[in-house]
Amino acid sequence: MATRDLIDDDENATRPRWSLPRPTSDQLWLIVALCVGSAVYLSYLSTHSHPAYEGGLYLQIAEEIRTSGYGLPERIPYYLEGGIPFAYPPLVFYCIAAVTDLTGVDPVMLELYVPGVVSVCYLIPYYYVAKELLGQPKLAGIATIFFAVTPQVLRWHISAGGIVRSVAVLFTMLGLFAGIKLFRDRNRRWVLPAALLFTLTLLSHPVYSVFFAGSYLLLYAYYDRTVRGLLVGALVPLTALVGASPWLLQIAQTHGLEIFMTASGTHTGLFGGFDRIKSKLIYPLWGSTVIVPFFVTAFAGGIYAIVKRRYFLPVWMVLSAYVIGKQRFTFVAGSMLAAIIIVEVIAPSIADIDLELPIPVLTSPQRLFSAVFAFCVVAGAISTGVAFAGSELNTNYHDSATQPQTVDGQDLVASKWIANNTERNETFVVMSDAAEWIPYYAERTVVLSPWGAEWTTTGGYYTEYELFRDLASCRDLDCVSVLLNTADRHPDYLYVSREAYTVHGNEHSGRTQLVRELRMADNYDQVYTNPGVAIFKRTDQESTS
C-alpha cells in the first residue's frame, strides 16, 4: 500500500463520519420562539375539548357557502329573525367549506386545532419582521417570545374565532416583511408580493386590513417619503381592490357599500378621542393582575426608544392602539419594545451594580445575575402565556377564567334535543354566551344576538350587545320579563343555564332562583332539563308559535 494511502486512511479514521450542523444564532432564537408558541398551543389543547369563546357563526357561514354551491350567501340564518346580512370577507369561510367537503372533518374540530397551528406559524414572519426592525437575533427572538405569550394576543388568535383572525395575522406579518423591503430597502420587486398579501388580508378580516394599510402608510412616512415610493406603494391597495373586486361588487350590489361603514362604527370603531387614549394607553397600567407587566414593559420600551430618538416602534404602537382600539395590535410593536427595554436597559443596569460578592469562580457575577434576571422575566412571561391559554388564570373580565369554553357537554345535549323536538320556525332566547353556538348546533333562530349585528346598523349592534348582556345576566323572572317586553322580543323558548356560564366572557354562577320562578310561572312550561340547562316554552299570547 502506498504511503499516501496510509495517510489518507489515517485521516479518514479520525474524521467524524457525520455531524449535525450547528444552528446559527438566528435559527436558534427562532427555534426557541417556536417551541414557546408550541407549548402555549399544547396547553390550550390539553384543557379544551371544545373551542374557546364563540365560533358558531363562522361555521354557519361556511355551511351556507357549502350548501349553496359555493356562491356568496345573501344572509346567514338563525342569528336574529330573518338572519343577518352577509358581508364578511369570505376567504377563510370558503377554505373551511372546501376542507369540510373534501375531508369530511368536523368543522368544530377545525376551530379547535387550526387556530393554534397558524398561531405558531405566524411567529416565523413576525420574527423576521422584528429582526429587520431591531437588527439583532436576540432582540427579535425575545420579541417573538413575548408576542407568542401575550394574553391580549392569545385571547383572539387561538380561540374559535382565531380560525379567521390567526390566518389574517399570518398574511399581515408576511405583508409587513414585504413592506419593510419595499419602503425601507426600496426594493421594488416586493410590490407584487405585498399586493398579493394585502389582497389575502382584505379577503380574510377587515380590521387586520386596516392595520396592514396603516402600517404601510407609517413605513412609507418613516422610511421612504419619495414620490416614486408613494406611487409604488399605491399599487398595493389598488391591486388588492382589484383582486377583491368580485366580492366587493357583489356586496355592493346586494347590500350597498355603506354596510362596511356601518360595521366600522362597531366593536369600538376607529379612533375614539381621549377616551380611547385612556382605555388603551393609561388604564392598562393600573391593576394588580399578571397582565399589567406586559403593558408596563411595552410602554417603558416605548419611552426608552423615544429618548434614544428611535421613533418608529413607539409611534407604531401608539397609533395601533389609538386608531384600531384593539390591544392585540398594540403588541405587534409593543413586544419589540418590551424586548428592547429588557435587553438594553434592565439587564445592563443590573450588570452595572457592584454586588461585591466573594465568588472567586465568577469573573463577573453581576453579568450572571443580569442574565438570570432577564431569563426570569422571559420565563415569567412564558408561564403566564401557557397558563392563560390553559384557562389557569383568573385575570379575564373581573377575575373570570381565561379562554373559557362557552358551551359544554350539557349544552351540546340540549342542542340535540332542540333540533329533534322543536319546529324549525320556533325561536329562542339563550341566556348565556352559548347563544352564539346554539343556532349552529340546533339550527334554530335566536331573537337576541349581538354576533353579526354589526352588519345591520351601528346603533342596532350596540343595542343588541347591551340587551344581551343585561338579559343574560338576569337572576329573576321580573328582570327577564321587563327586558323582553321593553325590547319587543317574543321568543317561543327560554334557554337558561343552571350551572356556571359566561356573558361576554364574564363568568356567572347558575341561576337557581330564575329556574325556580320559571317553573312556577303560569306562562312558562319546562319542556327539557339536564344538569346544566333548563328550557322553558312560553305559553302566553305573546309567543310567536
| said: Listing request: all disulfide bond (SG atoms under 2.5 Å apart) pairs with a residue in residues 487-537, at least two apart in sequence or in separate chains. | reply: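 Found none.
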| disulfide bond (SG atoms under 2.5 Å apart) contacts in which one or both residues fall within residues 78-121, not counting sequence neighbours |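 Of all non-adjacent pairs touching residues 78-121, none passes disulfide bond (SG atoms under 2.5 Å apart).
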Student check: side-chain heavy atoms of [X] and [Y] closer than 4.5 Å:
{"X": "Y79", "Y": "T445", "value": "no"}
{"X": "P206", "Y": "F260", "value": "no"}
{"X": "Y126", "Y": "V169", "value": "no"}
{"X": "I96", "Y": "I163", "value": "yes"}
{"X": "F468", "Y": "M431", "value": "no"}

| message | Test: salt bridge (Lys or Arg N to Asp or Glu O under 4.0 Å). Region: residues 521-535. Which pairs qualify, not counting sequence neighbours? | response |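 Pairs touching residues 521-535 that pass the test: none.
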| Y113 OH: over 12 foreign heavy atoms closer than 6.0 Å |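 Atom OH in Y113 is not crowded, with 12 or fewer foreign heavy atoms closer than 6.0 Å.
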Check for me whether the distance between the ring centres of [X] and [Y] falls short of 6.0 Å.
{"X": "F428", "Y": "Y495", "value": "no"}
{"X": "Y465", "Y": "H504", "value": "yes"}
{"X": "W437", "Y": "H50", "value": "yes"}
{"X": "Y122", "Y": "H157", "value": "yes"}
{"X": "W156", "Y": "Y53", "value": "no"}
{"X": "F86", "Y": "W247", "value": "no"}
{"X": "F536", "Y": "Y493", "value": "no"}

| said: Tell me whether the rings of Y501 and H508 are parallel (<30°), tilted (30 to 60°) or perpendicular (>60°). | reply: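 Because their plane-to-plane angle is under 30°, the rings of Y501 and H508 count as parallel.
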| So which heavy atom on V40 is nearest to which on A148, and how close? |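 Heavy atoms only, the tightest pair is CG2-O, 4.1 Å.
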| Donor-acceptor contact present, side-chain D476 to main-chain L514, <3.5 Å |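 No, the answer is negative, given that no donor and acceptor are paired below the 3.5 Å cut-off.
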| OG1 on T456 to CD1 on I84, rounded to 0.5 Å |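 Taking CD1 in I84 and OG1 in T456, the distance rounds to 8.5 Å.
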Under a 4.0 Å threshold between the charged nitrogen and the carboxylate oxygen, would [Y] count as salt-bridged to [X]?
{"X": "R444", "Y": "E426", "answer": "no"}
{"X": "E517", "Y": "R475", "answer": "no"}
{"X": "D492", "Y": "K537", "answer": "no"}

| request: Can you sort out the partners of C479 under disulfide (SG to SG under 2.5 Å), two or more places apart, ordered by chain and number? | output: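 Scan of C479 (disulfide (SG to SG under 2.5 Å), adjacent residues dropped) gives C474.
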| Who are the salt bridge (charged side-chain N to carboxylate O under 4.0 Å, His left out) partners of E64, not counting sequence neighbours? |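 Result, salt bridge (charged side-chain N to carboxylate O under 4.0 Å, His left out) vs E64: none returned.
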Side-chain donor-acceptor distances from residues 328-335 under 3.5 Å, at least two apart:
{"residue": "R328", "atom": "NE", "partner": "Y208", "partner atom": "OH", "Å": "2.8"}
{"residue": "S335", "atom": "OG", "partner": "F147", "partner atom": "N", "Å": "3.4"}
{"residue": "S335", "atom": "OG", "partner": "F331", "partner atom": "O", "Å": "2.8"}

| task | Test S204 against R165 for side chain to side chain donor-acceptor pair (under 3.5 Å), laying out the working first. | result | CA-CA 8 Å; S204 298; R165 300 185 197 102; over 6 Å; no
